[in-house]
Amino acid sequence: QVQLVESGGGLVQAGASLRLSCAASGRTSSSYAMGWFRQAPGKEREFVAAITWSGTNTYYADSAKGRFTISRDNAKNTVYLQMNSLKPEDTAVYYCAATLRPLTRLLYQYDYWGQGTQVTVSS
């Protein structure tokens, strides 16, 4: 099993920045492609960004492109989501996830999920 724990969420004003962290533990935790998803109340969980195990390749949703950056530090078994220029519509619970599949944005292809961290952006 792989355990994922998100942190770094909070309440910020529009235009501010946050860096989310996802600490992974368990066997072969650094061999997984990793993704970030978010879910607002009453809405479907949506893809935000993903990164290969090497950190070489990344993939972003249109809503995140140009503002968010996903990265990872395999030595620390941690993946990050740097979020800049935050908007109220970014408000959601943010989840990290791990998959043994190739880089993907499809929710059902992820095998492990964290509990989420709340990000709230005020106008």
Side-chain angles (χ1 to χ4, degrees):
Q1 287 284 329
V2 174
Q3 294 80 44
L4 305 174
V5 180
E6 304 95 335
S7 62
L11 172 62
V12 298
Q13 293 186 345
S17 298
L18 282 174
R19 189 182 73 162
L20 306 183
S21 299
C22 175
S25 61
R27 52 189 292 132
T28 65
S29 60
S30 294
S31 66
Y32 291 86
M34 302 292 296
W36 284 98
F37 293 76
R38 66 187 184 187
Q39 187 169 24
K43 297 181 65 177
E44 297 292 324
R45 190 170 299 185
E46 66 175 354
F47 170 78
V48 176
I51 187 169
T52 56
W53 70 268
S54 67
T56 301
N57 297 315
T58 58
Y59 185 42
Y60 296 93
D62 288 342
S63 61
K65 192 174 299 182
R67 298 188 299 124
F68 295 2
T69 303
I70 188 171
S71 62
R72 68 189 301 165
D73 185 342
N74 287 348
K76 297 181 178 180
N77 290 329
T78 301
V79 63
Y80 305 95
L81 184 68
Q82 178 67 45
M83 304 187 295
N84 298 325
S85 302
L86 284 163
K87 305 174 181 179
E89 51 262 45
D90 295 319
T91 296
V93 176
Y94 283 71
Y95 299 88
C96 66
T99 178
L100 289 172
R101 295 175 179 266
L103 191 67
T104 178
R105 68 177 183 179
L106 300 177
L107 185 150
Y108 69 87
Q109 292 185 332
Y110 283 81
D111 303 293
Y112 302 99
W113 294 85
Q115 294 297 309
T117 185
Q118 177 70 49
V119 172
T120 303
V121 184
S122 62
S123 60

State, yes or no, whether a side-chain contact exists between Met83 and Asp90 at a heavy-atom distance under 4.5 Å. no

Quick check for you: to the nearest 0.5 Å, what is the distance between Arg72 atom CZ and Thr52 atom OG1? 7.0 Å

Quick check: does any side chain N or O of Ser85 sit under 3.5 Å from a backbone N or O of Arg67, one acting as donor and the other as acceptor? no

Heavy atoms, side chains only, cut-off 4.5 Å: are Thr117 and Ser7 in contact? no

According to a 4.5 Å side-chain heavy-atom criterion applied to Ile, Leu, Val, Met, Phe, Trp and Tyr, with indirect links allowed, do Tyr95 and Val121 form part of one hydrophobic cluster? no

Are Tyr112 and Leu20 in one and the same hydrophobic cluster, where Ile, Leu, Val, Met, Phe, Trp and Tyr link if side-chain heavy atoms are under 4.5 Å apart? yes

Short side-chain to backbone donor-acceptor contact, Glu6 and Cys22, under 3.5 Å: no

Are Val48 and Val12 linked, directly or through other ILVMFWY residues, by side chains that come within less than 4.5 angstrom of each other? yes

Please name all residues satisfying side chain to side chain donor-acceptor pair (under 3.5 Å) with Thr56, sequence neighbours left out, ordered by chain then number. Ser54

Assess whether atom CD of Gln115 is packed by more than 12 heavy atoms of other residues, nucleotides or ligands within 6.0 Å. no

Report yes if the side chains of Tyr32 and Val79 come closer than 4.5 Å at any heavy-atom pair, otherwise no. no

Considering non-hydrogen atoms only, spot the tightest contact between Gly116 and Val93 and give its length. CA-CG1, 3.8 Å

CD1/Ile70 to CD/Gln82 distance, rounded to the nearest 0.5 angstrom? 12.0 Å

Would a 4.5 Å heavy-atom cut-off, applied to side chains only, mark Asp111 and Val2 as touching? no

Report whether Met34 and Tyr110 are members of the same hydrophobic cluster (ILVMFWY, side-chain heavy atoms less than 4.5 Å apart, transitive linking). no

d(Ser123 OG, Gln13 CD) to nearest 0.5 Å is 9.0 Å

Value rounded to 0.5 Å, distance of NZ in Lys65 from OG1 in Thr58: 9.5 Å

Cluster question for you: counting only ILVMFWY and a side-chain heavy-atom cut-off of under 4.5 Å, with indirect links fine, are Phe68 and Ile51 together? yes

From Leu106 atom CG to Phe47 atom CZ, the distance as rounded to the nearest 0.5 Å: 9.0 Å

Nearest 0.5 Å, what's the CG-OH distance between Leu81 and Tyr94? 7.5 Å

For Tyr80, all residues meeting ring pair (Phe, Tyr, Trp, His ring centres under 6.0 Å), sequence neighbours excluded: none

For atom CZ of Arg105, is the number of surrounding heavy atoms from other residues, nucleotides or ligands below 6.0 Å larger than 12? no

Contacts of Glu46 that satisfy side chain to side chain donor-acceptor pair (under 3.5 Å) - sequence neighbours left out: Arg38

